[in-house]
Amino acid sequence: MTVARPRVLLADDAVLIREGVAQLLRAGGCEVLASLEDADEVPSALASFDDIDALVLDIRMPPTHTDEGLVLLERLRADGAQIGVLLLSMYASPSLALRALSAGGATGYLLKDRIRDGGTLVDAVRTVSRGGTVVDPEVVALMLEASTATSRLDALSSREREVLSLMAEGRSNVGIAKQLHLAVKTVDSHVDHLLTKLHLEASTDEHRRVLAVLELLRAREA
Amino acid sequence: MSAWKRVRTRLVLALAGLALLAAVAAGFLLAASAPYLSALEVWPLPLVGAAYAATAAYLTTTRPRAAHLTALFVISVGLSAPALSVSLAQDTALWVTVGALAGLVVPAVGWVCVVTLRGDASDALERWLLLLGSALVVGAAVVQVLVADPAAWGWCRCLGNPLAVSDGPGAYVGLRPWLTSAHLAAVGIVVLAVGLSWWSRPGRHGIPELVLLVGLLVAAASWVTEDLAQLAGTPTDDAALGVAIGLASILAAHVLGLSRRRPSRAHVADLLLAARERSEPARIRELVARALGDPGAAVYWWDDDAASYADHLGRPAPPAPSVPAERVLEVESDHRPIARVVSERGLPEDPGILEPVAEALRLSTENRLLQEELAATLTQVRESRSRIVQASDEARRRIERNLHDGAQQLLISTGAKLNLASSQIDPTVDPGLADALTAASDELGRALDELRTLAHGITPTALVHGTLPDALEDLALRSPVPATLQVEGSADVAPEAAATAYFVVGECLANVAKHADASTALVHVALADPLRVTVRDDGHGGADPSTGSGLKGLVDRVEALGGKLEITTGSTGTTVGARLPNPTPNPTARARS
């Protein structure tokens with residue numbers, strides 16, 4: 001269900017970044033419906049366009065410059081919106097990533113640094129618009145660096161953890177296979193194994209992948 | 001002045017003579033009109049009344065206050081009143097009014113007791129109590145005069161009450177229990193006032209004090225017995241003897257106390273001790289009065305702000321010319337006014353008393369000033385320390401904000417432009433340019449990384465984005481030693497308290513990873529006022545703030561906010577607990593809850 005030309009709404013109070021992101025998205029084959037300066041403008045924009053695939057939100061916007069983007073995401077999810085949401089943040093914060101993903105699937109958390117690499121940004125938008133999950137590689141790295149002595153991730157082999165961190169970055173099995181130079185079938189079986197080891201069996205595939213990533217983010221609490 | 005004094009003295013003597021006469025006359029009249037009464041039933045109350053009148057006359061040799069004399073006269077007349085009333089009932093219609101005076105004895109006795117114990121300068125509470133008791137009995141007396149109807153006593157062959165406003169005995173019969181109850185309440189109030197006065201008197205265990213107290217209790221018990229009998233409908237006259245004995249004891253203690261009031265060097269030592277220990281001004285006055293042998297002596301302290309003297313109750317000193325110089329002791333220190341002592345009876349001439357008294361007052365004032373100065377300095381230091389921390393936190397937040405809105409934004413958008421540019425060139429045509437663009441983008445990435453690290457070092461960026469629990473969660477998630485976060489409560493957290501709590505937890509988790517050799521750490525935060533954060537590990541202990549700057553820095557930071565950091569460490573692990581003031585923020589000052 002890959003979307004050929006995702007229709008995207010963008011909200012960021014920093015004009016330079018807003019323009020940069022819009023250009024990159026257009027260059028990457030997305031249709032930018034509107035660029036907004038404020039989280040408060042998002043709901044009316046959502047209502048005035050049809051078939052929006054993804055929403056790209058700065059986390060820190062007026063009026064308080066704290067977590068407006070996250071608050072908006074949580075409100076949308078509470079209202080039952082399934083739309084893909086990609087949050088952009090200046091800092092790698094595991095707790096914010098966790099909060100974002102806990103709101104539900106089709107959510108991404110990306111550092112603004114990634115804008116330097118337009119491909120990552122556009123890939124992330126495409127992933128969330130088809131319901132996938134994206135966590136910034138730096139956050140994933142932070143999580144894996146931290147000791148996992150008490151976590152269920154212990155049960156995973158090092159290859160499975162590698163696969164899991166790539167899943168967290170939002171890659172599909174085909175993408176993971178390409179990255180690790182493995183056969184797609186091998187990746188499929190790694191994914192199956194790690195989901196089973198994490199006791200994530202009885203749900204749809206995409207939902208299981210989100211839960212696995214959450215497990216990774218929550219590793220320290222288990 | 002002295003002419004008025006002579007007039008006053010004569011007036012008092014004349015009144016005392018009249019009261020004496022009334023008392024004796026009351027006794028004889030009663031004996032004549034009721035020959036069936038024994039002498040023991042007739043004479044005790046009038047005789048004690050006569051003694052009170054004689055005492056008032058005796059007191060003209062000292063300088064008693066008008067209230068003091070009034071109290072003695074009221075007792076004298078009040079004690080003769082029942083006898084006069086009964087014996088005159090068939091001769092004058094005023095007998096009801098005279099009889100009503102009897103109730104006034106109760107608060108007057110209270111006043112005499114308090115004067116005996118504390119001089120004329122009693123505490124405000126006692127005065128209020130006595131005024132309340134007086135109001136009760138005066139009110140009762142007025143009502144009695146207005147409603148009393150002799151017909152209520154069926155056997156009474158006496159004249160009617162011309163002042164009565166009510167028709168028939170009904171109103172009086174209905175009101176009499178209330179009047180008795182008011183009398184009973186006044187007795188209770190007076191006992192309470194005197195008890196308080198006795199309790200706050202230094203050296204309250206002397207013989208006169210005990211005689212006075214026992215006398216009051218005997219009189220009070222007699223009154224209570226009489227009132228209760230009256231309420232029960234079985235009036236008795238037997239209580240009169242108890243009242244007479246009690247009031248005689250009180251008078252004895254009063255006269256004894258007055259004559260025993262002599263200046264005393266022994267009491268000077270108590271005063272000096274009290275001055276050193278920064279006692280209450282009321283107690284200092286009490287001890288000055290004892291040392292001077294003058295219970296009415298008042299101490300007025302100099303108040304720099306008001307540029308005037310006032311005593312411990314805030315009453316201003318009498319203007320200097322109204323008091324003869326030989327009754328005033330001015331206490332100065334380096335030509336600065338300290339206090340003014342105004343004696344009622346004249347100051348003792350013994351310099352061995354006056355000088356230590358002055359010295360004690362100086363000592364007491366200087367102690368107080370030093371304490372106030374110290375407290376003020378301490379407050380200033382605390383406030384300035386806290387302001388420094390807040391200002392530096394504020395500056396850090398501003399720098400982070402500027403980085404975020406300025407340099408970081410510019411670099412990121414530059415990166416986006418580089419990316420767009422490199423996507424528009426064909427690497428096969430100009431490989432050099434493509435490589436140069438890639439290299440520039442990579443360098444930009446490193447610059448951004450460094451800027452991010454810098455911003456994170458300047459201020460806890462996790463706090464920029466969210467609440468304290470989020471930021472602590474970040475710390476716990478990143479901790480090399482597995483850490484669990486527990487959050488309790490839901491109060492808002494002031495920015496300074498949040499930043500400090502974050503630093504405490506960050507530093508402690510870093511220490512746990514570096515030194516403790518622990519397998520787990522627990523971070524507990526209670527969102528309330530005060531804000532409490534605790535970091536506990538299961539390592540081998542050994543944390544010591546005196547070595548290494550990390551914990552010392554935390555102690556400084558926490559104390560700068562007026563908080564407290566406690567470190568307990570042992571072989572089973574280390575616990576660091578911080579308590580931070582977290583005043584509830586003004587709701588309008590925070591945009592988000």
Side-chain angles (χ1 to χ4, degrees), chain A residues 12-28 58-60 62-71 88-99 111-121 138-139 142-143 145-151 217-222, chain B residues 397 400-401 403-406 408-420 422-424 438 440-449 451-453 455-456 460-467 469-485 513 519-520 590-592:
Chain A
D12 191 326
D13 60 313
V15 58
L16 288 176
I17 292 184
R18 193 166 68 233
E19 292 313 315
V21 168
Q23 283 179 8
L24 287 173
L25 288 176
R26 284 192 197 102
D58 183 12
I59 286 194
R60 188 175 172 182
T64 66
H65 295 277
T66 54
D67 58 353
E68 279 74 10
L70 250 179
V71 171
L88 296 180
S89 173
M90 199 64 95
Y91 305 106
S93 163
S95 68
L96 290 185
L98 188 59
R99 217 175 120 192
L111 277 189
K112 286 189 177 176
D113 289 24
R114 302 302 156 218
I115 297 172
R116 283 186 302 113
D117 175 9
T120 309
L121 175 71
E138 188 162 329
V139 177
L142 271 175
M143 300 324 313
E145 261 171 45
S147 153
T148 52
T150 58
S151 124
L217 291 175
R218 286 205 187 106
R220 313 302 317 287
E221 295 171 28
Chain B
R397 274 195 290 272
E400 189 276 338
R401 184 76 193 275
L403 279 180
H404 177 271
D405 293 348
Q408 280 176 311
Q409 198 193 138
L410 270 173
L411 287 180
I412 287 169
S413 80
T414 308
K417 285 183 183 124
L418 276 178
N419 187 279
L420 280 171
S422 58
S423 69
Q424 281 160 15
T438 311
S441 178
D442 287 348
E443 272 170 36
L444 203 60
R446 280 202 296 282
L448 274 168
D449 265 352
L451 208 52
R452 204 140 40 84
T453 315
H456 193 81
T461 49
L463 276 176
V464 169
H465 277 310
T467 61
D470 287 339
L472 296 183
E473 174 83 35
D474 259 15
L475 285 176
L477 286 169
R478 290 173 188 222
S479 162
V481 173
T484 313
L485 174 71
S519 60
T520 57
R590 284 173 65 91
R592 209 170 65 85

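Here is the naming used below: chain letters follow the sequence lines, and residue numbers restart at 1 for every chain.
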Among A/I59, A/I115, A/D13, residue most engaged with chain B (heavy-atom pairs, under 4.5 Å): A/I115

Could you have a look at A/E19, A/H65, A/Q23, A/R18 and say which one has the most heavy-atom pairs with chain B under 4.5 angstrom? A/H65

Of the backbone (N, CA, C, O) and the side chain (C-beta and beyond), which part of B/S441 lies under 4.5 Å from a heavy atom of chain A, both, or neither? both

Suppose we screen for side chain to side chain donor-acceptor pair (under 3.5 Å). Which residues come up paired with B/R452, at least two apart in sequence or across chains? A/D113, A/E138, B/D449

Between B/L475, B/N419, B/L463, B/D470, which shows the greatest number of heavy-atom pairs under 4.5 Å with chain A? B/N419

Counting only heavy atoms closer than 4.5 Å, note whether A/L121 contacts chain B via side chain, backbone, both or neither. neither

Would you say that B/E400 contacts A/M90 through its side chain, given a criterion of any heavy-atom pair below 4.5 Å between the two side chains? no

For the atom pair CG (B/L448) and CG (A/L111), what is the distance rounded to the nearest 0.5 Å? 10.0 Å

Greatest number of heavy atom pairs closer than 4.5 Å to chain B - which of A/G69, A/A14, A/G20: A/A14

Return a table of donor-acceptor pairs under 3.5 angstrom between the side chains of residues 408-418 of chain B and protein atoms on other chains or two or more places apart.
{"unit_1": "B/Q408", "atom_1": "OE1", "unit_2": "B/H404", "atom_2": "N", "d": "3.4"}
{"unit_1": "B/Q409", "atom_1": "OE1", "unit_2": "A/L16", "atom_2": "N", "d": "3.3"}
{"unit_1": "B/Q409", "atom_1": "NE2", "unit_2": "B/D405", "atom_2": "O", "d": "2.8"}
{"unit_1": "B/S413", "atom_1": "OG", "unit_2": "B/L410", "atom_2": "O", "d": "3.2"}
{"unit_1": "B/T414", "atom_1": "OG1", "unit_2": "B/L410", "atom_2": "O", "d": "2.6"}

Name the member of A/G119, A/G28, A/A92 that forms the most heavy-atom pairs with chain B at distances under 4.5 Å. A/A92

Going by atom types alone, do B/D474 and A/S93 pair a side-chain donor with an acceptor below 3.5 Å? yes

